[in-house]
Amino acid sequence: GFLHPIGACCRCPGCARPGSVARGRRSTRTVATHRSATTGSSTVRVSGTSGSLTHSATGALVVNPPPDFTISASPNRQTVVQGNSTTYTVTVTAVNGFTGTVNLTSTGFGTGATGSFSPVSVAGSGSSTLTVTTTSSATTGSSTLMVTGTSGSLTHSATGALVVNP
């Protein structure tokens, strides 16, 4: 038999049925974990029986957290006069060995304001400059900008304030 750590499932046909191994041969069991599996170390036990003989071996299964990233925008608030531009630094930080490419988008600009990233994506960890450009007739007041980073099924966002003065 095979004991499963919480949240783990081995990909073996008929887990409840023991497999058989010929003398002098090896058997391999693959353990796959779900994204929500509990992280940390678990003890696994494998038993083998032949006739009246039974032997067991134990080992450790270590489940590491999945790769991910965080995103932030700095400063938290920028003020710009109509017809001018300002910048934010968007920082992507890799977590748990993340190496993917994070594509950046932004929303929340008031009328007459637009944003552009340079570069538009970050691989692993790094930063991008978000330049916000306003027209001379841009709506004055405060708005909340949202910067979103997406890599595959991972999506994270950060917010910042933009104040447009006449």
Side-chain angles (χ1 to χ4, degrees), residues 2-15 28-44 58-166:
F2 192 81
L3 300 180
H4 300 286
I6 295 172
C9 174
C10 77
R11 291 185 179 174
C12 53
C15 273
T28 301
R29 297 286 185 190
T30 300
V31 177
T33 60
H34 301 282
R35 187 168 182 83
S36 62
T38 303
T39 59
S41 181
S42 299
T43 301
V44 293
T58 59
L61 171 67
V62 178
V63 178
N64 293 318
D68 203 348
F69 68 91
T70 62
I71 189 168
S72 63
S74 176
N76 292 341
R77 176 185 172 107
Q78 285 284 48
T79 301
V80 64
V81 173
Q82 289 171 314
N84 291 296
S85 61
T86 189
T87 61
Y88 296 82
T89 299
V90 176
T91 303
V92 174
T93 305
V95 178
N96 301 324
F98 176 81
T99 59
T101 298
V102 178
N103 298 306
L104 302 170
T105 58
S106 57
T107 58
F109 304 101
T111 303
T114 59
S116 62
F117 289 98
S118 180
V120 297
S121 61
V122 174
S125 291
S127 63
S128 176
T129 300
L130 169 60
T131 301
V132 178
T133 304
T134 64
T135 64
S136 59
S137 60
T139 302
T140 58
S142 181
S143 58
T144 301
L145 307 181
M146 181 174 289
V147 176
T148 301
T150 304
S151 180
S153 63
L154 300 174
T155 300
H156 297 292
S157 297
T159 58
L162 174 67
V163 178
V164 179
N165 288 332

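These numbers come from the heavy atoms of this one structure, side chains and all, not from hydrogens, waters or symmetry mates.
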Next item on the list: Hey, could you give me each pair passing ring-ring contact (aromatic ring centres under 6.0 Å, His included) that has a residue in residues 122-166? Not counting sequence neighbours.
Entry: F69-H156

Check: For residues 129-155, which residue pairs qualify under ring-ring contact (aromatic ring centres under 6.0 Å, His included), counting only residues two or more places apart or in two chains?
Finding: none

Below 3.5 Å, can you tabulate the donor-acceptor pairs from side chains in residues 81-92 to any protein atom, sequence neighbours excluded?
residue: Q82; atom: NE2; partner: A138; partner atom: O; Å: 2.6
residue: N84; atom: ND2; partner: V81; partner atom: O; Å: 3.4
residue: T86; atom: OG1; partner: Q78; partner atom: NE2; Å: 3.1
residue: Y88; atom: OH; partner: A161; partner atom: O; Å: 2.6

Notebook entry, point to check: Does a side-chain heavy-atom distance below 4.5 Å link D68 with L154?
Noted result: yes

Next item on the list: Could you tell me which residues satisfy side-chain contact (heavy atoms from CB on, under 4.5 Å) with N165, sequence neighbours excluded, listed by chain and number?
Entry: T79, V163

Next item on the list: Grab the two heavy atoms, one from A94 and one from S125, that are nearest each other, plus how far apart they are.
Entry: N-OG, 2.7 Å

Notebook entry, point to check: Under a 4.5 Å cut-off applied to non-hydrogen side-chain atoms, are V164 and V80 in contact?
Noted result: yes

N/O donor to acceptor pairs below 3.5 angstrom from side-chain atoms of residues 143-151, sequence neighbours left out:
residue: T148; atom: OG1; partner: S157; partner atom: OG; Å: 3.0
residue: S151; atom: OG; partner: T101; partner atom: O; Å: 3.0

Notebook entry, point to check: Roughly how far, to the nearest 0.5 Å, is CG of N103 from OG1 of T155?
Noted result: 10.0 Å

Side-chain donor-acceptor contacts of residues 105-119 below 3.5 Å, not counting sequence neighbours, with atom names and distances?
none

Margin query: Per the ring-ring contact (aromatic ring centres under 6.0 Å, His included) rule, what does the pair list look like for residues 135-154, sequence neighbours excluded?
Written below: none

